[in-house]
Number of protein chains: 2
Amino acid sequence: MKLNPSPLGEAPEKPGSLILERFVPYRLSVLSNTVSRAIARIYAQRFDLTIPEWRVMAQLGRHRRLTASDIIGLTAMDKVRVSRAVARLVGSRRVEARSDTADRRRQVLMLTTAGRRIYREIVPLALERETRLLEALDPKERKVLDRMLAKLQGQASALAPAADGGAGVPD
Amino acid sequence: MKLNPSPLGEAPEKPGSLILERFVPYRLSVLSNTVSRAIARIYAQRFDLTIPEWRVMAQLGRHRRLTASDIIGLTAMDKVRVSRAVARLVGSRRVEARSDTADRRRQVLMLTTAGRRIYREIVPLALERETRLLEALDPKERKVLDRMLAKLQGQASALAPAADGGAGVPD
DNA sequence: TGGATTTAGTTTCATCTGAAACTAATATCT
DNA sequence: AGATATTAGTTTCAGATGAAACTAAATCCA
């Protein structure tokens, strides 16, 4: 492994040349994968949960009753993923789906008792992982990170072509 | 879209509760996906390249001649991905693979003339995307981001269980 | 030397993904 | 009301993915 000095602000080797190891989109991807993988392992091993399932549970843990559409809006997942995650969670009796009498296309989702128990078990594990990750930073850096994540997400969504909700083209 | 104030450093709603939208691993994942997607679109549409293929080309663009193992070491991709990316690149005549006479398990890879032409075409596009993404930050923030990415990657690798080679434990 | 181990890279297999097509129900328009 | 358009959610299909098994070549070691 060789060190890779010369950060973003510094002069790159040659302007107009590309060094993957310093390319921010690449680094973000590698970091995000490493982190996700570490976390997914907990969910999968101990609870037989995928990340999309966990995201659904996390939202239901906070909001009590939501439709699939609500969850799509809240989690940046597409409807296929949500649909599948919900199906599995219903299958494993962690989520209950009641079809809404007012609008029978919709289903109102809630954690079951078992689901809630698992949710309460996972939350501290997840928070602990996050804490350990952020231990690498000092408190000031953590605040900066927070702000930067927000800014970058905004910029990235702006660059992204028409994908999810976003500001996209209205029709 | 609703605003999501109350950053990392701030008091969370309730200590011990988890708000996905503020959970750093989640935010990293969403951000990385948004960015990757925006970039992948360029590669795919204009050049019929996947991200793994682009990463291979990027390394060959810089290092001229590499084996698949070298690329694995350089890109945080596993050997399956590299193998497949290389196979496709050879198929599309963008990379040439010469089996190494000294060690016939190995193949030395290099960009073909066509590969190099495409590489030179992509580099400025990729850099331009990165620049636009980072426009959201001021120069100071960019430097901080660079440092943080490095720190977080280090920490994440440490947390990650035995996965890839990585910097792992030096032994 | 020759068997056991390691290394380089490929293939298999069982999932995961998402775009697009689809179904069912509601809302809108005339 | 009845046709048309939207919305909620599911299914299909064609890849992408990675762990594990596999092949082939090189290295180790007794």
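Proteins get letters first, then strands, A, B, ... in listed order; numbering begins at 1 in each.
Within the 4.0 angstrom heavy-atom criterion, base atoms lie near B:Arg84. Counting non-hydrogen atoms under 4.0 angstrom, B:Ala102 reaches the backbone sugars and phosphates but no base.
For the pair A:Ser83 and A:Arg105, nearest-nucleotide mapping onto DNA chain D gives the more 5' position to A:Arg105.
For the pair A:Arg104 and C:dA25, the criterion of a side-chain N or O lying under 4.0 Å from OP1 or OP2 is met. Put simply, A:Ser69 has a side-chain N or O that comes within less than 4.0 Å of OP1 or OP2 on D:dG9. Taking side-chain N and O atoms only, A:Arg37 has a distance below 4.0 Å to OP1 or OP2 of D:dA19.
In this structure, B:Asp103 pairs ionically with B:Arg106, as a charged nitrogen and a carboxylate oxygen lie closer than 4.0 Å.
When the P atom of C:dT6 is taken as reference, atom CG of B:Asp103 falls 17 Å away, rounded to whole Å. Atom-to-atom, OH of B:Tyr43 to P of D:dA16 comes out at 17 Å; the value is rounded to the nearest Å. Distance, B:Asp100 CG to C:dA8 P: 12 Å, rounded to whole Å. Following rounding to the nearest Å, B:Arg98 (CZ) and C:dG9 (P) show an atom-to-atom distance of 16 Å. What separates CG of B:Asp78 from P of C:dT11 is a distance of 15 Å, to the nearest Å. One interatomic measurement links the two molecules: CG of A:Leu49 to P of C:dC16, which rounds to 12 Å at whole-angstrom precision. Rounded to an integer number of Å, the gap from B:Met77 CE to D:dA19 C1' is 17 Å. Here the C1' atom of nucleotide C:dA24 and the CD atom of A:Gln107 are 12 Å apart, to the nearest Å.
Among the nucleotides C:dT17, D:dA26, D:dT17, the one closest to the side chain of B:Pro52 is D:dT17. Closest to the side chain of B:Val80, out of C:dG9, D:dG18, C:dT26, is D:dG18. Distances were taken from every side-chain heavy atom of B:Lys79 (C-beta onward) to each of D:dG9, D:dT6, C:dT10; the shortest belongs to C:dT10. Nearest to the side-chain atoms of B:Ala68 among the listed nucleotides D:dG9, C:dG9, D:dA26 stands C:dG9. Residue A:Thr50 places its side chain closer to C:dC16 than to any other of D:dA26, C:dC16, D:dG9.
Aromatic ring orientation, B:Tyr43 versus B:Trp54: tilted (interplanar angle from 30° to 60°).
Between B:Arg116 and B:Met110 there is no side-chain heavy-atom pair separated by less than 4.5 Å.
Taking OG of A:Ser83 as the reference point, atom CZ of A:Arg88 lies at 13.5 Å (rounded to 0.5 Å).
The backbone N or O of B:Met148 sits nowhere less than 3.5 Å from a side-chain atom of A:Glu141 that would complete a donor-acceptor pair.
A:Arg81 contributes no side-chain N or O that forms a donor-acceptor pair with the base of C:dT17 under 3.5 Å.
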